[in-house]
Amino acid sequence: MPDIVLEYASEIRLAIGQTFVMVGISILAAVLVGLPLGTWLYLSRKGQLLSNRFVFSSLNLLVNTIRSFPFLLLVVFLIPFTRIIIGTAIGTAAATVPLAVIAIAHYSRLVEQSLLEVPKGVIEAAVSMGASTREVVVKFLFVEARSGLVLGLTTSIVSFISYSTIMGVVGGGGIGDFAVRYGYQQFQTELMLYMILIMVILVQLIQFAGTTVARLLDKR
């Protein structure tokens with residue numbers, strides 16, 4: 001292992017841990033809130049089981065508004081909300097709030113797109129068999145769209161990692177913040193390159209794992 005990496009080993013471990021915390025909570029928010037929200041977006045569309053123009057328009061506007069924010073401006077905009085939720089706007093815990101918000105909006109849109117790819121005949125068949133809306137969603141929609149949902153989550157996770165590198169502006173830490181403070185600002189280019197390498201390897205592993213799981217789930 002390079003000497004410069006050994007010299008900053010404890011700080012690097014801390015930075016990696018902070019990145020995992022931020023990304024982990026983003027994934028949790030995406031699955032627990034983004035998945036239901038995206039499903040609701042799909043179901044409330046015109047011609048779907050719970051078609052409701054007002055609900056769809058409201059949710060669609062909310063998701064589009066959040067996704068249209070440049071992420072750094074979203075972080076700043078959410079500082080008052082973050083203080084209410086966490087009690088502070090500084091630190092790794094505070095950084096998870098804007099990350100969770102963008103995670104929910106990002107993944108919900110991908111969920112909606114994945115569900116739209118399910119053949120309408122599948123839904124019609126489920127309804128004709130007397131399935132309830134909940135059964136249609138859980139036993140038919142999610143089953144048919146499982147490969148796309150996994151690929152969407154994989155894409156989202158890669159984006160979350162990218163977003164986490166910005167969280168140094170609110171003291172969130174992480175690998176990106178470490179690379180800037182200890183590498184770029186202190187003119188230690190070698191150290192910065194090693195941090196970039198860690199990020200690249202992490203993204204490649206996640207992408208490989210997600211693609212592999214999606215391929216195994218795709219029975220078409």
Side-chain angles (χ1 to χ4, degrees), residues 1-32 34 66-67 69-76 78 82 86 89-107 109-110 114 147-218:
M1 187 176 292
D3 292 340
I4 194 167
V5 174
L6 290 173
E7 181 182 348
Y8 289 96
S10 61
E11 290 89 346
I12 292 173
R13 283 195 296 270
L14 176 62
I16 292 174
Q18 290 169 334
T19 295
F20 281 169
V21 168
M22 289 187 287
V23 174
I25 291 178
S26 299
I27 296 171
L28 195 63
V31 173
L32 295 181
I66 294 174
R67 293 180 71 233
F69 262 83
F71 184 62
L72 184 56
L73 294 182
L74 180 66
V75 173
V76 175
L78 288 176
T82 302
I86 305 295
I90 303 296
T92 302
T96 63
V97 174
L99 280 170
V101 170
I102 194 66
I104 291 167
H106 191 280
Y107 189 52
R109 184 61 75 195
L110 295 180
S114 294
S147 178
L149 292 174
V150 170
L151 282 175
L153 184 60
T154 302
T155 300
S156 295
I157 293 172
V158 172
S159 297
F160 303 160
I161 293 173
S162 176
Y163 290 142
S164 72
T165 62
I166 301 175
M167 299 316 299
V169 298
V170 291
I175 300 174
D177 179 54
F178 176 87
V180 171
R181 288 192 296 115
Y182 290 88
Y184 177 75
Q185 292 181 352
Q186 295 186 23
F187 304 102
Q188 299 190 86
T189 305
E190 183 183 1
L191 181 60
M192 182 176 68
L193 291 176
Y194 280 123
M195 294 304 98
I196 293 173
L197 180 61
I198 289 174
M199 296 288 283
V200 169
I201 292 173
L202 181 59
V203 167
Q204 293 299 321
L205 289 174
I206 291 171
Q207 188 66 59
F208 174 77
T211 303
T212 301
V213 171
R215 187 170 61 248
L216 293 174
L217 291 174
D218 190 356

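As a basis for the values below, the full set of heavy atoms in this structure was taken, side chains included, without hydrogen atoms, waters or symmetry mates.
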Original post:
What heavy-atom pair brings F71 and Y163 nearest, and what distance separates the two atoms?
Top reply: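 Residues F71 and Y163, closest heavy atoms: CE2-O, 3.5 Å.
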Subject >> Set of salt bridge (charged side-chain N to carboxylate O under 4.0 Å, His left out) partners for R67, sequence neighbours left out >> reply: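 In terms of salt bridge (charged side-chain N to carboxylate O under 4.0 Å, His left out), with neighbours along the sequence ignored, R67 is linked to no residue.
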**OP:** Take atom CZ of F20 as the centre, draw a 6.0 Å sphere, and report whether it contains more than 12 heavy atoms from other residues, nucleotides or ligands.
**Re:**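 Incorrect, the count does not exceed 12.
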Original post:
Can you name the side-chain contact (heavy atoms from CB on, under 4.5 Å) partners of A94, sequence neighbours left out?
Top reply: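 So A94 forms a side-chain contact (heavy atoms from CB on, under 4.5 Å) with T82.
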**OP:** Just jot down the side-chain contact (heavy atoms from CB on, under 4.5 Å) partners of L191, sequence neighbours excluded, or say none.
**Re:**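 In terms of side-chain contact (heavy atoms from CB on, under 4.5 Å), with neighbours along the sequence ignored, L191 is linked to I4, Y8, I12, F178, Y182, Q188, M195.
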Original post:
How many angstroms lie between atom CD1 of I66 and atom CD1 of I104, to the nearest 0.5 angstrom?
Top reply: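 Going from the CD1 atom of I66 to the CD1 atom of I104 covers 7.5 Å.
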Original post:
When rounded to the nearest 0.5 angstrom, what distance separates CD1 in I25 from OG1 in T92?
Top reply: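 If I round to the nearest 0.5 Å, the distance is 9.0 Å.
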Subject >> Any T165 side-chain heavy atom under 4.5 Å of I175 side chain >> reply: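 No - every pair of side-chain heavy atoms lies 4.5 Å or more apart.
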Original post:
Side chains of V101 and P98: does their closest heavy-atom pair fall under 4.5 Å?
Top reply: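 SC-SC contact between V101 and P98 ruled out.
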Using atom types as modelled, flag every donor-acceptor pair under 3.5 Å from a side chain in residues 196-214 to any protein atom, sequence neighbours excluded.
{"from": "Q207", "atom 1": "NE2", "to": "T211", "atom 2": "OG1", "distance (Å)": "3.3"}
{"from": "T211", "atom 1": "OG1", "to": "Q207", "atom 2": "O", "distance (Å)": "2.8"}
{"from": "T212", "atom 1": "OG1", "to": "F208", "atom 2": "O", "distance (Å)": "2.7"}

Let me check something: any side-chain donor-acceptor pairs from residues 154-161 under 3.5 Å, sequence neighbours excluded? List them with distances.
{"from": "T154", "atom 1": "OG1", "to": "V150", "atom 2": "O", "distance (Å)": "2.9"}
{"from": "T155", "atom 1": "OG1", "to": "L151", "atom 2": "O", "distance (Å)": "3.0"}
{"from": "S156", "atom 1": "OG", "to": "H106", "atom 2": "ND1", "distance (Å)": "3.1"}
{"from": "S156", "atom 1": "OG", "to": "G152", "atom 2": "O", "distance (Å)": "3.0"}
{"from": "S159", "atom 1": "OG", "to": "T155", "atom 2": "O", "distance (Å)": "3.2"}

Subject >> Among D177, T96, L72, L99, the one residue meeting side chain to side chain contact (heavy atoms under 4.5 Å, CB included) with M167 >> reply: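 Option passing the side chain to side chain contact (heavy atoms under 4.5 Å, CB included) with M167: L99.
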**OP:** Would you check, one step at a time, whether the test side-chain contact (heavy atoms from CB on, under 4.5 Å) holds for T189 with L193?
**Re:** CA-CA 6 Å; T189 305; L193 291 176; 4.2 Å; yes
Original post:
What residue pairs, at least two apart or across chains, pass side chain to side chain donor-acceptor pair (under 3.5 Å) with a residue in residues 16-31?
Top reply: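 Of all non-adjacent pairs touching residues 16-31, none passes side chain to side chain donor-acceptor pair (under 3.5 Å).
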